[in-house]
Amino acid sequence: MKGMLAVVIPAYNEEESLDNLMMALEQTREELDFKVIFVDDGSTDGTREKIEGYMKARPWIDVVLHETNMGLARSLKDGFSHAAAQGYELIGQMDADLTHPPALLKDMVKALEEADAAVASRYVAGGGMRDVPGWRVLLSRAGNLGFRLILGIRTRDATSGYRIYRRRVLESIDLASDSFGIQLEATVKAERKGFTIAEVPFVLANRKAGRSKFRLSYLLGYVPLALRLAVRRR
Ligand SMILES: Nc1nc2c(ncn2[C@@H]2O[C@H](COP(=O)(O)OP(=O)(O)OP(=O)(O)O)[C@@H](O)[C@H]2O)c(=O)[nH]1
Ligand SMILES: [Mg+2]
C-alpha cells in the first residue's frame with residue numbers, strides 16, 4: 001500500500017496541538033507511509049507558520065491555505081480534492097487536536113482491504129470516550145442512534161471525523177454540507193451508493209490543548225440535513 005494514502009487534517013487555530021501531533025504522525029510513519037495535507041483555514045494564531053516550518057524538512061507534508069475562515073466542511077472538501085488531484089487512492093481525514101491517534105491509521109488501512117471506507121468508531125465493541133463531558137457523550141450517542149433509525153444506516157458512529165475513504169467513494173458522492181454535519185452526510189450518501197463502511201474501534205479522548213471550535217448551534221444544522229436525507233430515503 002506504499003504511497004497510496006493521504007490524510008487531510010483541517011486545522012483552525014490549533015498551534016498548541018501541532019507539535020505533539022507531528023511527533024505522533026512521525027512515529028506512525030515509521031510503519032505506514034502516508035502524506036499529510038493540512039488545511040489551514042485562515043487561522044489567526046501561529047498555525048500556518050508552524051505548518052510551513054514542518055514542511056521545510058518533510059516532503060510528506062503539504063498544505064492548502066485559505067486566506068479567511070471558510071469552515072470545516074469547505075476545508076475538508078478542498079483537502080479531499082487536493083488529494084484526489086494528486087492521485088491518492090485512499091483519502092482520509094483526522095482532527096488536528098490529537099484526539100485521533102495516528103497509530104489507528106494502520107488498523108483503518110487494514111480494514112480497507114475489505115471495505116470502501118473505514119471509520120474510527122466510538123460505538124462498536126472496544127470503542128468509547130474518555131474524559132469527554134457527559135453532555136457531549138449524551139448528545140453524540142442520542143444523535144447517532146436517532147440518525148441510524150431515521151436514516152436507515154448501518155454505521156454506528158456516523159459523525160466520527162476520523163475516517164478513510166477509497167477515492168471512488170468521494171468521487172461518487174456530492175457533499176452539500178457547510179458544517180460539522182458533513183460527516184453524517186458523507187456516511188449516509190456512501191451507504192446509499194452501496195459502498196461498504198468498516199468501523200474500527202476507537203476511544204476518543206477529550207482535547208488537551210487549544211480551544212474547541214465546536215458550537216452547540218452547529219447541532220441545529222443537523223435538523224435540516226437529517227430531514228433532507230430522510231426525505232430522499234423514500
Ligand atoms: N479548516 C478548518 N478546520 C476547522 C474549523 N473548525 C474546526 N476545525 C478543525 O476540525 C477539527 C475538529 O474541531 P474541534 O474543535 O476539535 O471539534 P470537536 O472535536 O467536535 O470538539 P473538541 O475536540 O471538544 O474541541 C479540528 O482539527 C479543528 O481544527 C474550521 O472552521 N476550519
Ligand atoms: Mg476535537
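Every number for a ligand or one of its atoms is a count from 1 in the order of the listing. Residue indices begin at 1 and follow the sequence shown.
- Side-chain polar atoms of Thr196 and Asp116 form a donor-acceptor pair below 3.5 angstrom.
- From the protein, the heavy atom lying nearest to atom 14 (P) of ligand 1 is Arg207 NH2, 3.4 Å.
- Here's the thing with Thr99: none of its N/O atoms is less than 3.5 angstrom from an N/O atom of ligand 1.
- For CZ of Arg192, the number of neighbouring non-hydrogen atoms (other residues, nucleotides, ligands) closer than 6.0 Å is greater than 12.
- With ligand atoms numbered from 1 in the order given, ligand 1 contributes 30 (C), 31 (O), 32 (N) to contacts under 4.0 Å with heavy atoms of Asn69.
- The N/O atoms of Pro10, backbone and side chain alike, include one that comes under 3.5 Å of an N/O atom in ligand 1.
- Below 4.0 Å from some heavy atom of Tyr12 lie the following atoms of ligand 1, by number and element: 2 (C), 3 (N), 4 (C), 5 (C), 29 (O), 30 (C), 32 (N).
- Put simply, the residue from Lys50, Arg48, Lys56 that forms a salt bridge (charged side-chain N to carboxylate O under 4.0 Å, His left out) with Glu52 is Arg48.
- Atom CG of residue Leu76 and atom CD1 of residue Ile91 lie 12.0 Å apart, to the nearest 0.5 angstrom.
- Under 3.5 Å, the side chains of Tyr165 and Arg167 contain no donor-acceptor pair of N or O atoms.
- Taking a cut-off of under 4.0 Å to the non-hydrogen atoms of Asp97, the atoms of ligand 1 that pass are 16 (O), 23 (O).
- Counting only heavy atoms of the protein, atom 27 (O) of ligand 1 lies nearest to Ala96 N, 2.7 Å.
- Near Val39, the atoms of ligand 1 lying under 4.0 angstrom from a non-hydrogen atom of the residue are 1 (N).
- Interface atoms of ligand 1 facing Glu14, defined by a heavy-atom separation under 4.0 Å, are 26 (C), 27 (O), 28 (C), 29 (O).
- Heavy-atom neighbours of Arg58 CZ from other residues, nucleotides or ligands within 6.0 Å: above the threshold of 12.
- Heavy-atom proximity to atom 20 (O) of ligand 1, evaluated over Lys213, Met70, Arg136, is greatest for Arg136.
- The cationic atom of Arg148 (NZ for Lys, CZ for Arg) does not lie both less than 6.0 Å from the six-membered ring centre of Tyr123 and within 45° of the ring axis.
- For the atom pair CD1 of Ile197 and CD of Glu199, the computed distance is 8.0 Å after rounding to the nearest 0.5 Å.
- Contact analysis puts Gly71 in contact with ligand 1, with a non-hydrogen atom separation below 4.0 angstrom.
- Within the listing of ligand 1, atoms 1 (N), 3 (N), 29 (O) sit less than 4.0 angstrom from a heavy atom of Ala11.
- Inspection of the Gln183 and Thr159 side chains reveals no N or O donor paired with an N or O acceptor under 3.5 Å.
- Under the 3.5 Å distance criterion, with hydrogens and angles disregarded, a donor-acceptor pair is assigned to the side chains of Tyr54 and Asp19.
- The single protein non-hydrogen atom nearest to atom 19 (O) of ligand 1 is Asp95 OD2, 3.6 Å, given as residue, atom name and distance.
- The protein atom (non-hydrogen) at minimum distance from atom 22 (P) of ligand 1 is Ser212 OG, 3.4 Å.
- In the model, Ser43 has a side-chain atom that pairs as donor or acceptor with a side-chain atom of Asp40 under 3.5 Å.
- For atom 8 (N) of ligand 1, the closest non-hydrogen atom on the protein side is Leu72 CD1, 3.9 Å.
- For atom 2 (C) of ligand 1, the nearest non-hydrogen atom from the set Leu204, Val64, Asp41 comes from Asp41.
- The closest protein non-hydrogen atom to atom 17 (O) of ligand 1 is Phe180 CE2, 3.6 Å.
- Distances from the Mg ion (ligand 2) to the N/O/S atoms of Asp97 are shortest for OD2.
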